[in-house]
Amino acid sequence: MKKPIILTIFGTRPEAIKMAPLVKEIANSSDLVSKVCVTAQHRQMLDQVLDIFEITPDYDLDIMKDRQTLSGITKLVLEGVEKVLLELKPDMVLVHGDTTTTFAASLAAFYAQISVGHVEAGLRTYDKYFPYPEEMNRRLTSCIADIYFSPTQANYNNLVNEGINPDVIYITGNTVIDALKSTVSQEYDFKDENLKKIDFLGKRVIAVEAHRRENLGQPIEDICFALKEIITKYDDIEIVWPVHLNPQVQEPVKRILGDLSQVHLLDPLQVQDMHNMLSRAHLVLTDSGGLQEEAPSLGKPVLVMRNETERPEAVKAGTVKIIGTDRRTIVEQTSKLLSIPSEYTKMAQSVNPYGDGYASSRIVDAIRYWFKLTDKKPDAFE
Ligand code: UD1
Ligand code: UDP
């Protein structure tokens, strides 16, 4: 029998980090053929991940434009993926999460009548514009997909409540924890020259990352002003912010925080540097989805600068707090963690609600089951 061709499609940094362990796992499976298509919705930030995980895409659509628009990305992905599908004729397309690459690639696969597997399926806020456009991207992808890989039970429940057949939903854990297992080590030496200079032992390092579309403009300025105020209150803290390459992030962050000696604005870090930086940080302030999953597993408190989250598991576990983007609230909540040891200790618990490092292996087992290459359904991540 011909081996099924599995085409993994992704375009941005977080998709790449979370798909990399799965691409490896598919390639290692003796009865599946692995092919990779990157849309390159991100360019430099994507290439950093491809380099580290040594993935050479079979197709690279190279679509990124400066200040690209959502419709612009959608059009280029639809057209580019259509050509790849016509040429390769894969048996299944895998997409990840909730980016515009994810939605447009799954739409192209549907138009070509190819099965779609949705990795990291079922995350929801049920608020159409928060996060924007991710909530609609992932809901639309759920409508198109044929097989679903949900990180957690709560994600599974969302899909079932939306009427998806439970038989095609697998609870797998999040592949980001698979990636984290391969990157973090106590002996790790940083590669980034600026990161090497930071005193992680003598100072309390606050890791910051923010880039969400709904935070562009006033919210990101408020975040910067809050950080500026926090460093005036504590001389033993250092802020490390690897700044997203979006010019709408770069401009305000560098303007407001660029000249402060306690603030280190770095280029985007390659993922090993990033994960090991997180593991040595004191706490994390972010609006990033991936960091909300990684930091709890490393026992780092996370203050989420958004008004809601599709990742309630670590909030319930007590390591993540949703604080919004109000300047005063950011200062108050961060100061509480910096000044009151019991508040810090309460949040600095290592919890793993998002995975155990075997998500990719469960996903491959589910794909093999889908193609009747095994009789055994994979056990769910609990
Ligand atoms: C995208 C995703 C978002 C995800 C985020 C992860 C969409 C609509 N948004 O948002 O869900 O959380 O990636 O980071 O899918 N740029 C570069 N080089 C890069 C990457 C970006 O210069 O390597 C600049 C470009 O000017 C680009 C801009 O950043 O136009 C915005 O990139 P885009 O992918 O549209 O939005 P993100 O905010 O990165
Ligand atoms: N990350 C990275 N280098 C950086 C900043 C983030 O490798 O300089 C990683 C981070 O550890 C996580 C992922 O990128 O795995 C998160 O991506 P991002 O915040 O861009 O997107 P989101 O998760 O919000 O969609």
Side-chain angles (χ1 to χ4, degrees), residues 10-21 38-53 62-74 76-77 95-105 120 123 131-138 141 174-180 183-184 191-192 194-195 207-216 220 240-251 264-279 281 284 286-295 297-298 300 302 304-306 309-311 354:
F10 51 90
T12 66
R13 170 173 68 193
E15 291 165 79
I17 293 170
K18 292 169 165 184
M19 284 300 220
V38 295
T39 65
Q41 175 180 333
H42 284 174
R43 188 70 273 174
Q44 307 91 314
M45 287 162 55
L46 172 75
D47 291 344
Q48 281 185 315
V49 185
L50 296 175
D51 281 354
I52 290 290
F53 288 101
D62 198 22
I63 67 158
M64 196 193 85
K65 305 237 181 309
D66 191 34
R67 294 174 193 258
Q68 57 204 0
T69 64
L70 298 176
S71 304
I73 303 168
T74 308
L76 293 174
V77 173
V95 293
H96 183 279
D98 53 20
T99 71
T100 296
T101 283
T102 312
F103 164 58
E120 199 181 86
L123 280 70
Y132 168 79
E134 289 82 6
E135 176 69 9
M136 282 315 285
N137 280 344
R138 59 195 172 212
T141 305
N174 198 310
T175 54
V176 78
I177 306 299
D178 303 14
L180 203 57
T183 52
V184 175
K191 306 290 178 293
D192 184 280
N194 294 312
L195 207 47
V208 180
E209 213 276 329
H211 65 268
R212 303 224 72 85
R213 258 183 167 74
E214 63 272 17
N215 277 348
L216 300 178
I220 202 133
V240 175
W241 185 342
V243 187
H244 191 292
L245 292 179
N246 188 342
Q248 290 172 276
V249 178
Q250 291 267 329
E251 189 282 319
H264 308 273
L265 301 180
L266 310 182
D267 292 333
L269 292 170
Q270 53 95 328
V271 62
Q272 278 177 310
D273 270 0
M274 181 68 190
H275 285 173
N276 285 285
M277 187 275 279
L278 288 176
S279 79
V284 179
T286 193
D287 66 7
S288 157
L291 293 190
Q292 288 179 60
E293 294 154 347
E294 293 164 349
S297 144
L298 298 167
K300 307 298 170 181
V302 186
V304 176
M305 300 180 293
R306 290 172 54 180
T309 184
E310 57 289 274
R311 295 171 170 87
Y354 298 111

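In listed order, ligands and their atoms are each counted from 1. For the single chain, residues carry numbers from 1 onward in sequence order.
Residue K65 places at least one N or O, backbone or side chain, under 3.5 Å from an N or O of ligand 1. Residue P242 places no N or O, backbone or side chain, under 3.5 Å from any N or O of ligand 2. Residue-to-ligand polar distances keep P268 apart from ligand 2: every N/O pair is separated by 3.5 Å or more.
The shell of residues lying under 4.0 angstrom from ligand 1, judged by heavy atoms, includes I73. Heavy atoms of Q248 stay at 4.0 angstrom or farther from ligand 1. Using a 4.0 angstrom heavy-atom cutoff, H211 counts as in contact with ligand 2. Residue contacts with ligand 2 include R212, since one or more of its heavy atoms lies under 4.0 Å from the ligand.
Aromatic ring orientation, H42 versus H244: perpendicular (interplanar angle above 60°, classes split at 30° and 60°).
In the candidate list I17, L266, D273, I17 is nearest to atom 9 (C) of ligand 2, counting heavy atoms.
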Please list, one pair per line, the donor and acceptor atoms closer than 3.5 Å that link side chains of residues 66-73 to other protein atoms, with sequence neighbours excluded.
residue : atom : partner : partner atom : Å
Q68     : OE1  : K65     : N            : 3.0
Q68     : NE2  : Q41     : O            : 3.0
T69     : OG1  : G72     : N            : 3.0

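Neither the backbone nor the side chain of P268 comes within contact range of ligand 1; no heavy atom lies under 4.0 Å.
Near H275, meaning under 4.0 Å from any of its heavy atoms, are these atoms of ligand 2: 11 (O), 15 (O).
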